[in-house]
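The structure under discussion appears below in the form of structure tokens.
Atoms within a ligand are numbered from 1 in the order they appear, just like the ligands themselves.
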Amino acid sequence: EVSSTNDVARERLVAGLVAADTPLLIRAETQSAGRGRRGRTWLDAPGTGLLMSLALRAGAGSPLPADADRWWRVAAEFSLAVADAIEDAAGMQIGTVGLKWPNDLVVRNIEGGVTRSFRKVGGVLAEAGDAGSESAWLVVGLGLNVRGDVSKLDPALAATATSLEIATGRPIDREALFTDAVARLEGRLGALASGRFDVADWRSRQLLEGCSVDLEVAAGEIVTGTVVGHDGASGALILSVDGTERAILAGEVTKVVRIAIP
Ligand code: BTN
């Protein structure tokens with residue numbers, strides 16, 4: 001047990017224990033102070049999920065792009081690696097796991113080729129430090145609910161979250177899923193270190209494309225619009241608001257008002 005794998009990862013970085021060309025992955029069975037985005041807590045029941053954080057340092061050979069405006073791609077690759085691994089482990093149709101911008105992992109309920117609803121199974125929390133300096137670093141933490149009844153964890157999440165086993169109705173081998181996700185992550189980080197990022201792959205998993213959403217851009221400030229794109233350069237969500245396009249770099253989709261029917 002650790003307080004938060006993101007904290008352990010940061011401590012290792014600050015202590016100079018992570019080389020630029022060798023990112024470090026920290027994994028825990030349970031956390032006493034797991035954190036989510038926007039000040040939320042991330043609760044877990046020991047042994048039911050995957051809790052892990054990737055520690056990266058900038059420099060020669062690092063998967064971190066030289067331009068910090070591209071660092072969002074590391075979190076995207078982490079989610080994509082896990083999405084691929086989940087579909088494989090659960091024998092799901094490709095595309096069943098979606099990304100809800102920026103990096104929530106969701107399982108879609110698809111009927112007749114159409115997404116009828118979705119539930120969150122995982123999320124990503126990225127934290128950066130020493131920006132602009134030679135020792136700049138990034139921690140990307142990912143939490144995934146694999147087993148069990150999520151309503152026992154956080155009542156506030158019961159309506160929107162689930163675990164993989166509940167969503168798929170089949171047992172999932174956590175260790176096999178972890179091993180596969182790490183192998184896929186290594187491949188994706190290698191590509192990033194060579195300056196490659198597959199924008200089409202990232203776009204193809206985006207759940208919100210075409211949806212009407214409520215988006216909290218600042219505390220209490222909600223913007224309602226239609227998602228018209230995901231920008232592969234900045235990572236922004238492109239929202240059409242009253243006919244005007246807005247590129248949103250950070251925020252929280254608080255409500256999907258209408259799911260897009262392709
Ligand atoms: C979110 O959806 O709000 C992001 C959740 C991120 C949770 C993970 S669990 C491993 C790592 N350590 C933490 O304290 N948080 C992240």
Side-chain angles (χ1 to χ4, degrees), residues 1-14 18 23-56 71-72 74-83 85-86 97-107 118-129 137-148 150-164 167 174-175 177-178 181-182 185 205-208 213 215-217 219 235 237 249-256:
E1 176 185 313
V2 299
S3 56
S4 153
T5 53
N6 268 36
D7 290 344
V8 176
R10 189 190 61 236
E11 284 157 19
R12 301 280 161 91
L13 282 159
V14 171
V18 182
L24 181 71
L25 187 70
I26 306 282
R27 180 184 171 194
E29 267 304 88
T30 184
Q31 299 180 129
S32 57
R35 297 196 299 278
R37 293 173 67 238
R38 316 213 124 213
R40 291 185 299 248
T41 50
W42 182 268
L43 299 170
D44 71 84
T48 62
L50 288 179
L51 311 164
M52 48 193 174
S53 295
L54 185 65
L56 305 108
W71 282 16
W72 64 271
V74 178
E77 292 287 26
F78 205 165
S79 305
L80 289 168
V82 172
I86 291 171
V97 177
L99 294 190
K100 175 172 169 274
W101 184 91
N103 289 305
D104 281 1
L105 285 155
V106 305
V107 174
F118 60 88
R119 279 182 184 249
K120 176 168 172 169
V121 288
V124 169
L125 174 67
E127 296 171 313
W137 53 262
L138 178 70
V139 170
V140 183
L142 190 144
L144 182 69
N145 301 321
V146 180
R147 311 176 53 196
V150 176
S151 64
K152 292 203 178 80
L153 298 179
D154 187 345
L157 284 179
T160 56
T162 190
S163 70
L164 276 182
R174 259 189 332 139
E175 293 315 307
L177 177 60
F178 173 72
V182 171
L185 178 63
R205 287 238 181 241
Q206 299 299 332
L207 171 87
L208 297 178
V213 299
L215 190 103
E216 191 172 29
V217 288
L237 185 74
L249 284 169
E252 174 88 358
V253 174
T254 52
K255 191 172 167 193
V256 177

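A heavy-atom distance below 4.5 Å is found between the side chains of Leu177 and Leu164. Contact annotation: the side chain of Ile86 approaches that of Leu144 to within less than 4.5 Å [non-hydrogen atoms, C-beta and beyond]. Side-chain contact between Trp42 and Asn145: present, with at least one pair of heavy atoms (C-beta onward) separated by less than 4.5 Å. Using a 4.5 Å cut-off on side-chain heavy atoms (C-beta onward), Val140 and Glu77 make no contact.
Below 3.5 Å of separation, one finds no N or O of Trp42 facing any N or O of ligand 1.
Distances below 4.0 Å separate heavy atoms of Gly143 from the following atoms of ligand 1: 7 (C), 8 (C), 9 (S). Near Ser4, the atoms of ligand 1 lying under 4.0 angstrom from a non-hydrogen atom of the residue are 12 (N), 13 (C), 14 (O). Of all atoms in ligand 1, numbered sequentially from 1 with element shown, those under 4.0 Å from a heavy atom of Lys120 are 1 (C), 2 (O). The Ser53 neighbourhood of ligand 1 comprises atoms 11 (C), with distances under 4.0 Å to a heavy atom of that residue. For ligand 1, the atoms sitting less than 4.0 Å from at least one non-hydrogen atom of Thr5 are 10 (C), 11 (C), 12 (N), numbered in the order shown with element in parentheses. Less than 4.0 angstrom separates some heavy atom of Gly34 from each of these atoms of ligand 1: 14 (O). Set against the non-hydrogen atoms of Asn6, the atoms of ligand 1 under 4.0 Å away are 11 (C), 12 (N), 16 (C). Shown in contact with Met52 at under 4.0 Å from a heavy atom are these atoms of ligand 1, numbered in order with element: 10 (C).
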Practice prompt. Go through the steps to decide whether Arg27 and Leu25 satisfy the test side-chain contact (heavy atoms from CB on, under 4.5 Å), and finish with yes or no.
Written response: CA-CA 7 Å; Arg27 180 184 171 194; Leu25 187 70; 5.6 Å; no
Discussion item. As a quick check of understanding, evaluate side-chain contact (heavy atoms from CB on, under 4.5 Å) for Val82 and Leu50, giving each step before the final call.
Written reply: CA-CA 10 Å; Val82 172; Leu50 288 179; over 6 Å; no
Worksheet item: Given the rule in the side-chain contact (heavy atoms from CB on, under 4.5 Å) test, do Trp71 and Leu56 qualify, once you have shown the distances and angles that lead to the verdict?
Response: CA-CA 10 Å; Trp71 282 16; Leu56 305 108; over 6 Å; no
Item to complete: Test side-chain contact (heavy atoms from CB on, under 4.5 Å) on Gln206 and Leu99 and set out the steps.
Response: CA-CA 5 Å; Gln206 299 299 332; Leu99 294 190; 3.8 Å; yes
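Using a 4.0 Å cut-off between charged nitrogen and carboxylate oxygen, Arg37 and Glu216 do not count as a salt-bridge pair.
Only the backbone of Val124 comes within 4.0 Å of ligand 1, counting heavy atoms alone; no side-chain atom from C-beta on gets that close. Residue contacts with ligand 1 for Asp44 are absent, since no atom lies close enough (heavy atoms, distance under 4.0 Å).
Here the shortest heavy-atom distance to atom 9 (S) of ligand 1, taken over Arg35, Gln31, Arg27, belongs to Gln31.
Ranking the protein heavy atoms by distance from atom 3 (O) of ligand 1 puts Arg37 N, 2.7 Å first.
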